[in-house]
Engineer: 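Take this structure first; my questions come after.
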Amino acid sequence: MTEIPDDHPRAQSLRTRHRIEAGVEKGITSKQGLIAQGRGETYDYLLGEETIPSADAAERAAAAKLLLADHPVLSVNGNVAALAPEAMVELAAAVDADIEVNLFNRTEERVRAIADHLRDHGAESVKGLAADARIPGLDHERAKVDEDGIYDADAVVVPLEDGDRAEALAEMGKTEIVIDLNPLSRSAQTAAIPIIDNIVRAVPNMTRHARELQERDASREELAEIVATFDREAALEEAEEAIRSGELD
Ligand code: PTJ
């Protein structure tokens, strides 16, 4: 890998790109993941590669929702595993959530490689290998879930997938928290809490919010109020406006 100097103007973005490349080499990320990364980078560039205020509000609402949930689950695909393994494990610990591997281009080999990779980054248990239940209404591989994981969850974090699973999860009565840099992606459009931010910034910021709420013993009423006052339409519109205007500092 080429050494990327800290003062390179795109250092963070180039390092993120290398993580995806390494994920493909390790058998964790699919080749399509390279294309998905390029798609995400474009939106991030137009967002100024920063967490805009409406995304921060979404991350706080998501943290509150995860703390309120009886059974929160964080879904992990090949891109998420390559980009943010430690951050996902830390968030799961902060909000007491399960982690479950769920793939579009599913192979048992890749599910196992991702589970091992997450365990190498501190995960105590990883779901997704049993795949003994199905999300109704989906006829592709993302329908395969664990009965005691996503199938049983009341809140699910769905990062980096532009598809129909978020809607199917909502139809099952679950709250879907979507992380996607594209505010027009189908998943973001149907999410109860759409987070329009790069996963490498979004997940640590959700953990920071969760810890802050826990440290000051925020009541269930306060957590519910944070979730209720989050305006999903406004958040989607603000992100789209930021991208379309492309006004960078
Ligand atoms: O590992 P698998 O088999 O489950 O496949 C994973 C990918 C990502 C290849 C698969 O889900 C896919 O093809 O996804 P899409 O349809 O390209 O959607 C990915 C979405 O994530 C797009 O809307 C991108 O804008 C967005 N995205 C890409 N990189 C990031 C991102 N959002 C947040 N942070 C990123 N770093």
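Read the numbers this way: they start at 1 and go in the same order the structure lists the ligands and their atoms.
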Engineer: Return the closest protein heavy atom for atom 34 (N) of ligand 1 as residue, atom name and distance.
Structural biologist: Ile199 N, 3.0 Å
Engineer: How far is atom 18 (O) of ligand 1 from the closest protein heavy atom, and which atom is that?
Structural biologist: Asp162 N, 3.2 Å
Engineer: Does ligand 1 have a heavy atom under 4.0 Å from the side chain of Asp197, from its backbone, from both, or from neither?
Structural biologist: backbone
Engineer: Just go through Ile28, Asn105, Leu160 and tell me whose heavy atom is the nearest to atom 31 (C) of ligand 1.
Structural biologist: Leu160
Engineer: Within ligand 1, which atoms have a heavy atom of Ala36 less than 4.0 Å away?
Structural biologist: 8 (C), 17 (O), 28 (C), 29 (N)
Engineer: Would you mind checking if Glu167 and Arg186 are paired as a salt bridge, meaning a charged N to carboxylate O distance below 4.0 Å?
Structural biologist: no
Engineer: In the single-linkage hydrophobic clustering (I, L, V, M, F, W, Y; side-chain heavy atoms under 4.5 Å), do Val145 and Val111 co-cluster?
Structural biologist: no
Engineer: Who's closest to atom 12 (C) of ligand 1 heavy-atom-wise, of Arg142, Gln37, Glu41, Arg39?
Structural biologist: Arg142
Engineer: If the cut-off is 4.0 Å to any non-hydrogen atom of Gly40, which atoms of ligand 1 fall inside it?
Structural biologist: 25 (O), 27 (N), 28 (C), 29 (N)
Engineer: With a 4.0 Å cut-off, would you call Arg201 and Asp44 a salt bridge?
Structural biologist: yes
Engineer: In terms of residue, atom name and distance, what is the protein heavy atom nearest to atom 32 (N) of ligand 1?
Structural biologist: Leu181 N, 3.1 Å
Engineer: Hey, does Asn79 come in under 3.5 Å of ligand 1, counting only N/O atoms on both sides?
Structural biologist: no
Engineer: Is a salt bridge present between Arg208 and Glu212, judged by a nitrogen-to-oxygen distance below 4.0 Å?
Structural biologist: no
Engineer: Which heavy atom of Asp154 sits nearest to which heavy atom of Pro72, and what is that distance?
Structural biologist: OD1-N, 3.9 Å
Engineer: Glu171 versus Pro136: any side-chain heavy-atom pair under 4.5 Å?
Structural biologist: no
Engineer: Does the distance from a Lys or Arg side-chain N to an Asp or Glu carboxylate O, for Arg134 and Asp139, drop under 4.0 Å?
Structural biologist: no
Engineer: Report the nearest protein non-hydrogen atom to atom 20 (C) of ligand 1: residue, atom name, distance rounded to 0.1 Å.
Structural biologist: Asp180 OD2, 3.4 Å
Engineer: Is it the case that ligand 1 has an N or O less than 3.5 angstrom from some N or O of Leu83?
Structural biologist: no
Engineer: Considering only the protein, which heavy-atom contact is closest to atom 6 (C) of ligand 1, and what is its distance?
Structural biologist: Asn77 ND2, 3.6 Å
Engineer: Does a salt bridge link Arg106 with Glu108, judged by any charged N lying under 4.0 Å from a carboxylate O?
Structural biologist: yes
Engineer: May I ask you to check whether Asn198 has an N/O atom sitting below 3.5 Å from an N/O atom of ligand 1?
Structural biologist: yes
Engineer: At a 4.0 Å threshold, what atoms of ligand 1 neighbour a non-hydrogen atom of Leu103?
Structural biologist: 1 (O), 4 (O)
Engineer: Thr29 side chain to Ala82 main-chain N or O, any donor-acceptor pair under 3.5 Å?
Structural biologist: no
Engineer: If the cut-off is 4.0 Å to any non-hydrogen atom of Gly78, which atoms of ligand 1 fall inside it?
Structural biologist: 1 (O)
Engineer: Using distance alone, with no hydrogens and no angle criterion, decide if Arg142 and Ser75 have a side-chain donor and acceptor under 3.5 Å apart.
Structural biologist: no
Engineer: Any heavy-atom pair between the side chains of Val227 and Leu223 that's under 4.5 Å?
Structural biologist: no
Engineer: Taking 4.0 angstrom as the limit and counting only heavy atoms of Gly33, give me the atoms of ligand 1 inside it, by number and element.
Structural biologist: 9 (C)
Engineer: Would Arg106 count as being in polar contact with ligand 1, using the rule that some N or O on each side must be under 3.5 angstrom apart?
Structural biologist: no
Engineer: Phe104 heavy atoms, cut-off 4.0 Å: which ligand 1 atoms fall inside?
Structural biologist: 2 (P), 3 (O), 4 (O)
Engineer: For Glu161, is there an ion pair with Arg165 - N to carboxylate O distance below 4.0 angstrom?
Structural biologist: yes
Engineer: Measuring only between side-chain heavy atoms, which start at C-beta, is Arg232 closer than 4.5 Å to Ile193?
Structural biologist: no
Engineer: Which residue and non-hydrogen atom of the protein lie closest to atom 3 (O) of ligand 1, and at what distance in Å?
Structural biologist: Arg110 NH2, 2.6 Å
Engineer: May I ask you to identify the nearest protein heavy atom to atom 13 (O) of ligand 1, giving residue, atom name and distance to one decimal place in Å?
Structural biologist: Gln32 OE1, 4.1 Å
Engineer: Can you tell me if Glu141 has a non-hydrogen atom under 4.0 Å from ligand 1?
Structural biologist: no
